[in-house]
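Below, chain A is the first sequence line, B the second, and so on; all start at residue 1.
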Amino acid sequence: MELKNKLIAQDADLPFTMEWDGVPDDVAEAVADADVALAASWPLPTNDGKAVMPEPEAMAAAGTVIRGRAIRIGAADDIGLPESVNRIAGVDISFVKGDAVRAAASLVVLSYPALDVVYTDIWPVELDQPYIPGFLAFREVGFFVEAFERLRATAPELVPDVVLVDGNGVLHRRGFGLASHLGVLIDVPTIGIGKSFYHVDGVSQEDIVATSREVLTAAGDALLVVGESGRVWGAAFRASESRKALYVSSGHRVGLLSALRIVRACARYRIPEPVRQADLLSRDYVRDVMLGDQASA
DNA sequence: GCGACAG
DNA sequence: ATCTTGTCGC
């Protein structure tokens, strides 16, 4: 629980800054207010001590501005990120069919903007915690923390500028999903990439899917997930041509608008390239190495 | 009590 | 998460 106190959901701590062209000012301000509210909503003061909790009326007003409204994240072919963004990582775990314990975890680092794989780490793991919805981090985060310790020890020059995590960030029942948990523990900016989510603050995935079908008309369109309180939890995002949206949310030290732009920049297929490469790597490992062992044993 | 339920 | 062939399309 005390981990929460370290979370800063603002861009202030991001090692780079972004400029916003295609986003209406009122939307950008509403999201920024929501991020400040998020950082200030924990019991103890935040790291920078600057976060201020907006009045409830301000939160509600922000919600009114952006609820049900799509925004476009950059143009189709020039989603340039700041020059200080050079590496983007992805993490994932794949399981052995019908086995709740044996799995393979992976960490990959891609170069940006080429999106070439420049580092891979893949190893077998045994899960010692059950999967309980809402507590995914307690089952998986430890493996990724170890992977980052290895990375820092063997190739510190390849530590990424930001990590895309296969799981939600603050788009979470307690506002603290796997991506946020990992970000705090490794002290690297993280972004949550979910293929689904469940009801938070009075909003269900079903509600968002219904509206998404109407307003997400092109790749790069995002629909912010605004709770009944007015708080912005994340976004349904058509990062690629695929009709099915992803759910993007701040993990740690990245604001939502920046997170969306970063995900857009990694969109070759529906699943952002760093997460996709991590997924391919761990799947191949389970199939070619772990099942191979089983067959020959 | 009932339903819902990231990976 | 995983179980699973073909098939529509660039």
Looking at H181(A) versus F138(A), is the centre-to-centre ring distance below 6.0 Å?
yes
Minimum-distance pair of heavy atoms, taken over all atoms of V203(A) and V226(A)
CG2-O, 3.1 Å
Answer with base, sugar-phosphate or nothing: what part of the nucleic acid does S204(A) contact at a heavy-atom distance below 4.0 Å?
nothing
Please give me the minimum heavy-atom distance between L216(A) and F237(A), naming the atom from each residue.
CD1-N, 4.4 Å
For the residue pair D92(A) and S106(A), confirm or rule out a side-chain donor-acceptor distance under 3.5 Å.
no
To the nearest Å, how far apart are R287(A) CZ and dA1(C) P?
16 Å
Table of protein N/O atoms under 3.5 Å from nucleotides 1-7 of chain B N/O atoms:
residue : atom : partner : partner atom : Å
dA6(B)  : OP2  : Y131(A) : OH           : 2.8
dA6(B)  : O3'  : S196(A) : OG           : 3.4
dA6(B)  : N7   : G134(A) : N            : 3.0
dA6(B)  : N6   : G134(A) : O            : 3.1
dA6(B)  : N6   : L136(A) : N            : 3.1
dA6(B)  : N6   : H172(A) : NE2          : 3.2
dA6(B)  : N1   : L178(A) : N            : 3.0
dA6(B)  : N3   : N168(A) : N            : 3.3
dG7(B)  : OP1  : K195(A) : N            : 2.9
dG7(B)  : OP2  : S196(A) : OG           : 3.2
dG7(B)  : O3'  : D166(A) : OD2          : 3.1
dG7(B)  : N7   : Y131(A) : OH           : 3.4

For D221(A) and T217(A), which I'm curious about, is there any donor-acceptor pair between the side chains at under 3.5 Å?
yes
If I take atom CG in residue L127(A) and atom P in nucleotide dT2(C), what distance separates them, rounded to the nearest angstrom?
12 Å
